[in-house]
Amino acid sequence: MKRRVWGTAAVVVAAVTGVVVFQGVQGTDGGRDGKDATRVSGPVRTEVHTAAVKAEGDRAEIAQQDTDAFSLIGLSWTKPSAEMPGTVQVRARSARTGAWGSWITLDTGGHGAPAEESRRGATEPAWVGPSDGVQARVDGQGSPLPAGMRLEMVDPGAGQAAVGTDPVAYATDAPTDTPGDPSSEPTDTATSTDAPVEESTPSPSAPSPSDPAPTSAGASPSASVSSSPTSTLPPAPASNAPQPPIVTRAQWGADESMNDEAPEYGTEIKAVFVHHTVDANTYTCADSAALVRAIRTYHIKSNGWKDIAYNFLVDKCGTIFEGRKGGVDRPVIGAHNPGFNTNTAGIAVLGEYSSIDASAAAKASVARLAAWKLGQYGHDPAGKVDLTAGLDNGKFKLGQTASFYRISGHRDGYATECPGDKLYASLPGIRTLAGGPVTGLALKAFGQAAVSGTTAYTKGPLTVNWAITSPTSLVKRYEVIVDGKVAATPGPTATSAPLTLTAGTHTVAVRAVHISGRTAVTPNATVVADTTAPAFTTKPSVTLTTGTVNTAAVPVTLGWKATDAAALKEVRLTSPSARTYGPTTYTAALTSNSATATTWSMTGYDQAGNTATATTTATPVILQETSTTRTGTWTAKSSTSYLGGKSYTSSTKNASISWTFTGRSAAWVVSRASTSGQAYVYVDGVKTATVDLASSTTKYRDVAWTKTWPAGAAHTIKIVVVATTGRPTITTDALVYLK
């Protein structure tokens with residue numbers, strides 16, 4: 001241990017009420033001594049710089065002054081039982097920017113350690129980051145201030161580590177640098193007639209032989225699991241929930257020689273109490289290890305406790321740090337909740353959560369940690385337990401029994417605001433996270449499979465996808481269930497799994513197993529594995545149809561029928577144009593160029609992606625009246641409205657006009673008006689139809705009648721004038737056939 005005293009005129013009591021100023025030696029890089037701030041190489045030496053604060057009446061103040069480097073600050077006083085009335089405010093000057101920070105009001109209520117551990121009263125500390133200047137003011141608001149006040153400024157040492165959110169990576173980052181030698185520090189002398197000389201107390205870098213050997217910086221996060229039980233060391237039962245990654249004391253640089261008292265143990269963990277550390281929330285996760293070291297140093301050196309009060313600490317990135325020594329898997333008695341420290345675990349979230357809530361990552365880690373600790377003894381994290389107070393703590397009397405949630409807030413067992421209103425309001429959600437089951441589990445798209453309604457179809461391997469709303473860290477494993485049996489067990493971070501199914505219809509579901517063992521299962525999805533292609537049970541064919549005829553657009557109907565053993569999805573026309581039709585559509589009205597052979601190509605698709613193709617070819621041919629055989633009187637008419645510019649008209653009863661061709665579909669083309677009459681249609685000498693050409697609107701090149709045969713053959717179509725009374729005239733324009 002090295003003694004440091006303040007420089008000349010280090011502490012001066014001003015003439016005004018209770019004003020104390022002091023001057024110290026300014027450090028470098030916030031007390032990091034130029035060390036690499038991203039590495040820890042074993043125990044890290046920390047220091048506490050103190051300055052006596054003499055009160056006059058109900059006020060005291062420290063003006064802006066230079067100091068030795070520090071990152072955490074608090075105020076302590078002589079008697080642990082003495083209350084601090086009013087407010088205590090501090091602010092610090094950044095060693096990096098030289099700017100003064102905002103005023104911080106320190107929590108004067110304290111978190112309450114057992115009386116036998118407390119040797120001084122103290123506020124909660126505040127993390128200010130690397131600093132080299134301080135200002136403070138104390139206002140008792142009419143009440144006398146406690147005696148022996150001093151400002152406590154903690155330098156967390158050169159081992160500040162960038163742990164981030166991956167304690168495993170941090171644990172395996174083994175540096176080679178070593179802490180500075182305390183004996184190399186300069187010694188300053190000081191004189192003061194108004195305040196005692198205070199000490200800056202570095203902790204030696206070597207661990208005490210009486211302490212358990214710390215794990216190396218390269219050890220796994222479970223390296224602090226205790227050794228085999230002894231007569232005083234209770235066994236460490238296996239948990240029904242997996243142990244989360246934990247940054248061990250050795251990994252965050254705990255100097256085990258700072259306290260040589262053996263840990264104390266209960267018999268089990270019945271409940272978990274959640275705290276906040278009432279530090280600023282502006283710390284980065286790279287500061288977390290240093291912040292934990294600083295809190296531990298403050299608890300030991302300023303409060304006089306045997307070790308850090310909490311069993312575990314969690315930063316806002318969700319990284320979990322081992323707290324009080326004794327083994328993370330043991331029921332170590334902490335100093336976090338007077339009267340209820342035995343058989344409970346204290347989990348402190350780094351930061352202040354009265355007006356803002358803790359991060360989702362932090363809350364998930366608290367839930368995960370609580371589930372593991374309570375699961376060691378088979379306790380439901382979402383349940384309740386009766387606890388009996390072990391002392392009078394201001395809220396409960398010695399021997400008083402009360403019901404607590406297995407995961408409770410500090411305020412539930414002690415008169416405090418901890419863990420802050422926002423975090424306390426989140427405890428029901430944390431209990432749900434810890435107790436399970438996994439929430440929001442839902443199946444998503446089946447990868448390569450097509451989904452129709454509630455059924456997915458595949459012709460080969462597929463991928464089942466899912467999502468949850470719970471943090472993934474709370475999942476123990478997933479199980480993909482096919483037809484009621486587990487077909488795959490992907491890991492806890494998986495969001496998909498490949499499947500290969502036999503042909504046929506299957507049910508598929510995903511089960512999520514929470515770290516507590518509770519399960520959630522998606523509804524069954526129907527998945528059809530289909531490797532059989534669809535079939536055109538009716539091959540595509542083209543027929544002439546009604547409509548207006550142009551040489552470049554003869555109206556036709558394309559007909560087909562496709563089926564599939566599982567489920568037909570669609571039929572696509574790919575040539576001569578691209579169109580898509582539903583599974584129950586069997587015809588389409590199209591047009592085709594005349595005198596040109598056109599091929600219609602079609603592809604049928606089933607839901608699994610299997611395909612079948614089919615084609616048909618047809619050539620529409622326009623036969624005009626010049627190629628006809630006529631009887632009776634017919635008059636030729638010329639107009640651009642007629643096919644070929646000409647048509648024939650007749651009003652003579654039984655006058656006829658006929659065409660002979662070889663084809664498989666025919667259409668008679670006419671001109672129509674309101675005065676148009678009727679005609680008989682004969683096919684191969686047989687009267688087939690009577691067609692009335694009357695129309696309220698005038699129409700040219702209009703198909704008035706069609707006929708289709710199963711196959712192409714020679715046919716004769718004859719039109720006979722009926723000579724309808726009052727409207728005897730008919731006008732014929734052409735005959736179209738398909739060959």
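Positions are given from 1 along the sequence. The model shown is predicted, which means the values in this text are computed figures rather than measured ones.
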Over 12 non-hydrogen atoms of neighbours within 6.0 angstrom of NZ in K444 = no
query = Side-chain contact, heavy-atom cut-off 4.5 Å: V508 with N524?
reply = no
request  = State, to 0.1 Å, how close W252 and E322 come at their nearest heavy-atom pair, and which atoms those are.
outcome  = NE1-O, 2.9 Å
query = If you round to the nearest 0.5 Å, how far is CG of N311 from OG1 of T344?
reply = 7.0 Å
request  = Taking the side chain as every heavy atom from C-beta outward, state whether R511 and T522 have any pair of such atoms under 4.5 Å apart.
outcome  = no
ask   = To the nearest 0.5 Å, how far apart are OG1 in T282 and NZ in K316?
value = 6.5 Å
inquiry  = Using ring-ring contact (aromatic ring centres under 6.0 Å, His included), reason through F404 and F396 one step at a time and then give a plain yes or no.
reply    = CA-CA 13 Å; F404 292 85; F396 292 95; 5.8 Å; yes
request  = Output, in order, the C-alpha distance, side-chain angles, deciding distance and verdict of side chain to side chain contact (heavy atoms under 4.5 Å, CB included) for Q141 and T87.
outcome  = CA-CA 8 Å; Q141 299 177 353; T87 59; 3.8 Å; yes
task = Answer yes or no: is there an ion pair linking K306 with D260, defined by an N-O contact shorter than 4.0 Å?
result = no
key: Under-4.0 Å salt bridge between D255 and R296   = no
task = To the nearest 0.5 Å, tell me how far I320 CD1 sits from S365 OG.
result = 4.5 Å
key: Short N-O contact, D155 and R293, less than 4.0 angstrom   = no
inquiry  = Could you walk me through whether K476 and H514 satisfy the side chain to side chain contact (heavy atoms under 4.5 Å, CB included) test, starting with their C-alpha distance in whole Å, then the side-chain angles of each, then the deciding distance to 0.1 Å, before giving a yes or no?
reply    = CA-CA 5 Å; K476 182 181 292 184; H514 188 269; over 6 Å; no
ask   = Hey, would you say the Y310 and H299 ring centroids sit under 6.0 Å apart?
value = yes
Candidate pair Y424 and D421, rule side chain to side chain contact (heavy atoms under 4.5 Å, CB included), full reasoning = CA-CA 5 Å; Y424 186 78; D421 289 345; 5.7 Å; no
message = Would you say the rings of H336 and H410 are close, in the sense that their centroids are separated by under 6.0 Å?
response = no
N-O pairing of K301 and E152 below 4.0 Å = no
Pair M149-L75, side chain to side chain contact (heavy atoms under 4.5 Å, CB included): steps then yes or no = CA-CA 7 Å; M149 290 188 300; L75 185 76; 4.1 Å; yes
Which atom of V482 lies closest to which atom of A487, heavy atoms considered = CG2-CB, 3.7 Å
task = Taking the side chain as every heavy atom from C-beta outward, state whether L369 and F312 have any atom pair closer than 4.5 Å.
result = yes
request  = Any chance you could lay out the side chain to side chain donor-acceptor pair (under 3.5 Å) test for T469 and T439, step after step, and finish with the verdict?
outcome  = CA-CA 6 Å; T469 56; T439 58; 3.0 Å; yes
request  = Report yes if the side chains of I481 and K485 come closer than 4.5 Å at any heavy-atom pair, otherwise no.
outcome  = no
message = Could you report the tightest heavy-atom contact between Y298 and A122, atom names first, then the distance?
response = OH-CB, 3.6 Å
Salt-bridge contact D380-R431 (side-chain N to carboxylate O under 4.0 Å) = no
request  = Compute both the distance and the angle, then confirm whether K395 meets the cation-pi test with Y414: under 6.0 Å from the six-membered ring centre, within 45 degrees of the axis.
outcome  = no
request  = Rounded to the nearest 0.5 Å, what's the gap from CD on Q400 to CG on L391? Could you check?
outcome  = 12.0 Å
ask   = Which distance, rounded to the nearest 0.5 Å, do you find between the CG of L313 and the CD1 of I246?
value = 11.5 Å
ask   = In this structure, are over 12 heavy atoms from other groups packed under 6.0 Å from E83 atom CD?
value = no
query = Cationic tip of K270 within the cone over Y377's six-membered ring, i.e. under 6.0 Å and within 45° of the normal?
reply = no
